[in-house]
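Note sheet for the following structure.
Just so you know, these numbers use all the heavy atoms, side chains as well, and skip hydrogens, waters and symmetry mates. Positions are given from 1, in the same order as the sequence printed here. Bear in mind that the values here come from a model prediction, so they are computed numbers and not experimental data. In each ligand, atom 1 is the first atom listed, and ligand 1 is the first ligand listed.
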Amino acid sequence: MIQTACYRGRFAPTPSGPLHFGSLVAALGSFLDARAAGGTWLVRIEDIDPPRCPAGTDSTILRQLEAFGLHWDEEVTWQHSRQAAYQHALDCLMSQGLAYPCSCSRKQWQAFAIYPGWCRNGQRETNKPVAWRLRSDLAKRPITWHDRLFGHQLFDPATQGDVVLKRKDNLWAYQLAVVVDDAEQAISDVVRGYDLLDNTPWQGQLQKALGLPTPRYLHLPLIVTDEGQKLSKQNMAPALAERADDIRRQLFQALQALDQTPPAELAQEAPETQLNWAIAHWSIEQLRPFHHRALPSEH
Ligand code: GLU
């Protein structure tokens, strides 16, 4: 059972484009889980990769959340302002021998499924820019946890490779930033898409190495296109609706995508009414543990 008093959840979008139906389902699942537990729900803008994040997309996302009635608590945070904290974490990993500089290019190891660790014991080519990688073989392994939907999980991160923590262009990588910020914001519950389930083992290694707590995890089924692809900007997923009646319909469909069986008449209701019903009835027992869900036709 969730400990209501200390529940802190978050929605952490990358502002590479406006929210689409798939991101609505993730935001809604995280919001409902927090609200049903009487918890706090935060929004964190994960803008560590400015070239991928067009100016103004963060405000578009916040406006979209408000239009769907997904109001957050506390101040919104932005990852671009957190460089010092990420550097501090990297320094801590370096001092334990768990991070190393790597000058290899993707092209050099393209014949391998994962980076083969050539720079683990010293940079292969000096005078070249370096990325910083995690020693996934030396950090805690295997990593196990109980996913609230998908149950017991066991991964050996060493078989997934030495993930990049800081890129050659000096930009911070998602794995490090997410772990540092979830801890900084005392997040108790991470609720996000199934596509991130296999990133969780690296995050678990980083939490252990940095002495940070591991939150509970609930990975939600991903919304996929007819071709089975995750909705994304790359496959032209349309942005969420803006007209009031379309917003009502999409919110209702998002509740259905989370297996919450809302009564049909709720589809006509304003977001606040739909959400109040959904908070009162939120049940993850109803969620079927499928990795994927089809996009509703005419969403
Ligand atoms: N920023 C990530 C994304 O938009 C989500 C991070 C997370 O929820 O851990 O895919």
inquiry  = Test question: given the 4.5 Å side-chain rule for I, L, V, M, F, W and Y, name all other residues clustered with Val164, or answer none.
reply    = none
ask   = Taking Lys168 for the side chain and Cys104 for the main chain, is one N or O donor matched with an acceptor at less than 3.5 Å?
value = yes
key: Those residues that, when tested against Tyr115, pass ring-ring contact (aromatic ring centres under 6.0 Å, His included) (two or more places apart)   = Trp109
ask   = If only atom types and distance count, is the side chain of Thr225 paired as donor or acceptor with the main-chain N or O of Glu227 below 3.5 Å?
value = yes
query = Can we call the ring centroids of Trp145 and Phe155 under 6.0 Å apart?
reply = yes
request  = Give the other cluster members for Leu90, using side-chain heavy-atom distances under 4.5 Å between Ile, Leu, Val, Met, Phe, Trp and Tyr residues; answer none if it is isolated.
outcome  = Ile48, Tyr86, Leu93, Met94, Leu98, Val130, Trp132, Leu134, Leu138, Val163, Leu165, Trp172, Tyr174, Leu176, Val178, Val179, Val180, Leu196, Trp202, Leu206, Leu210, Leu212
query = What residues sit with at least one heavy atom under 4.0 Å from ligand 1?
reply = Arg10, Ala12, Pro13, Thr14, Glu46, Tyr174, Val178, Arg192, Leu196
